[in-house]
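Residue numbering restarts at 1 for every chain, and letters A, B, ... go by the order of the sequence lines.
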Number of protein chains: 2
Amino acid sequence: MDGHGGEKLLFLTDEQLRQGIEAMFFAYRGFTSDPDRILDDYAYGRAHHRALHFINRSPGTTVNNLLSILGVTKQSLNRVLRTLIEDGLVEARVGDRDRRERHLHLTATGRALEAKLSDAQQTRMRQAYRTAGPEAVAGFRRVLEAMMDPEIRRHYAGLAE
Amino acid sequence: MDGHGGEKLLFLTDEQLRQGIEAMFFAYRGFTSDPDRILDDYAYGRAHHRALHFINRSPGTTVNNLLSILGVTKQSLNRVLRTLIEDGLVEARVGDRDRRERHLHLTATGRALEAKLSDAQQTRMRQAYRTAGPEAVAGFRRVLEAMMDPEIRRHYAGLAE
DNA sequence: AACTTACGTCAGCCTTGTTGACTTTCCAAG
DNA sequence: CTTGGAAAGTCAACAAGGCTGACGTAAGTT
């Protein structure tokens, strides 16, 4: 693409970097605050939201798959998953090919809550995008992608593995 | 500045918004991972890092001030602050004008750890900035700022209150 | 038959958030 | 000078959500 093209000199003072760091901190708080408020009404937390999000994104994903995306232990995930299954938001189907695997799907109820949560988050993001403008959005995404760990980047943007 | 200038139509599909949301999630993980690894070596957590960061940014800040920036309860902050003071990283000086207030300062040891932590974080951010390019950095900052809660934006960028 | 993988579960621990109640200190207004 | 209230600290109890370690079971794989 632009390869060397955009290689202007970047004069980055410590102060500018510090502001970038704080921007991440404060923005992430805003980013999670809307779903958090909704989750309070149910007895769920951020961990439940994350599970709902990624199951919705990749229906039929296995437990192991979800573990590597979320980067937590199976004990942590299981605690969350169990309540979601008990409450009828998530369905765990035994695998056809490999019957050890559990393929995770959202039920209608699960999809409803996921939609509610992601609507709130999308509204904020859409508003931020509109305020910042189209070029800003592209830059935002580029910096975020460059900030991820490489192994994590694999899981990003719906890349099948 | 450019006001209406950048108001092209923004066609934002749900898929694009979802990818932005995931980018925030994955990038934030990367963003915190380096300091987290360092903190493990001491017996500290992310909460200690945040306190060190903001005390370093605004030396002499009061506890109440810090509370409103961090958005936690005084009991939560106090637990963290107490260990930092006991361990000699933070000094709480009784206020001159108002002797109820404690003005927080980093000791030499505290500054050393803060520097170590922020170096790690700055290195990642600098690398991401370099990969993404200068225009991307500006966009990144604009979107993040637009994503913050307005009350929080007051605390941002060293605005004195 | 033995090994490995996928998943679930029990027990226990830590950090970091919460609420509620209470005390001490101390400024400032009556 | 007294009193009200703000600032700060502390104790206790609790919850979410991470973690480790150990164990069990079903089901593929060799």
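- Between B:N64 atom CG and D:dG5 atom C1' there is a gap of 13 Å when expressed in whole angstrom units.
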Enumerate the protein-to-nucleotides 9-15 of chain C contacts in which both atoms are nitrogen or oxygen and the separation is below 3.5 Å.
unit_1	atom_1	unit_2	atom_2	d
C:dT9	OP2	A:N78	OD1	3.1

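- Rounded to an integer number of Å, the gap from A:L77 CG to C:dA6 P is 15 Å.
- Contact check on A:R142 versus A:E145 returns no salt bridge, with no Lys/Arg side-chain nitrogen under 4.0 Å from an Asp/Glu carboxylate oxygen.
- The pair B:E151-B:R153 fails the salt-bridge criterion, with no side-chain N (NZ, NE, NH1 or NH2) lying under 4.0 Å from an Asp/Glu carboxylate O.
- The salt bridge (charged side-chain N to carboxylate O under 4.0 Å, His left out) search around A:R79 returns none, not counting sequence neighbours.
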Could you run down the sub-3.5 Å N/O contacts of the protein with nucleotides 27-30 of chain D?
unit_1	atom_1	unit_2	atom_2	d
D:dA27	OP1	A:R99	NH2	3.2
D:dG28	OP1	A:R99	N	2.7

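- In this structure, A:L81 places its CG atom 16 Å from C1' of D:dG18, rounding to the nearest Å.
- Residues that satisfy the salt bridge (charged side-chain N to carboxylate O under 4.0 Å, His left out) test with B:D149, not counting sequence neighbours, are A:R124.
- If you take CG of A:L84 and P of D:dA16, they are 13 Å apart, rounded to a whole angstrom.
- B:S76 has no side-chain polar atom (N or O) that falls below the 4.0 Å cut-off from OP1 or OP2 of C:dT16.
- The shortest distance between the side-chain N/O atoms of B:T73 and the OP1/OP2 oxygens of C:dT18 is below 4.0 Å.
- Not counting sequence neighbours, the partners of A:R100 by the salt bridge (charged side-chain N to carboxylate O under 4.0 Å, His left out) test are A:D98.
- Residues B:V143 and A:A128 approach most closely at O-CB, 3.9 Å, considering heavy atoms.
- With sequence neighbours excluded, no residue satisfies salt bridge (charged side-chain N to carboxylate O under 4.0 Å, His left out) with A:R97.
- When the P atom of C:dT5 is taken as reference, atom CD of A:E101 falls 13 Å away, rounded to whole Å.
- Note: NE2 (A:H103) to P (C:dG8) measures 12 Å, nearest angstrom.
- Regarding A:R93, its CZ atom lies at a distance of 16 Å from the P atom of C:dC7, rounded to whole Å.
- Contact check on A:K116 versus A:E114 returns no salt bridge, with no Lys/Arg side-chain nitrogen under 4.0 Å from an Asp/Glu carboxylate oxygen.
- Straight-line distance from the CG atom of A:D36 to the C1' atom of C:dG17: 12 Å, rounded to whole Å.
- Between B:Y42 and B:Y44, the two ring planes are parallel [angle under 30°; tilted spans 30° to 60°].
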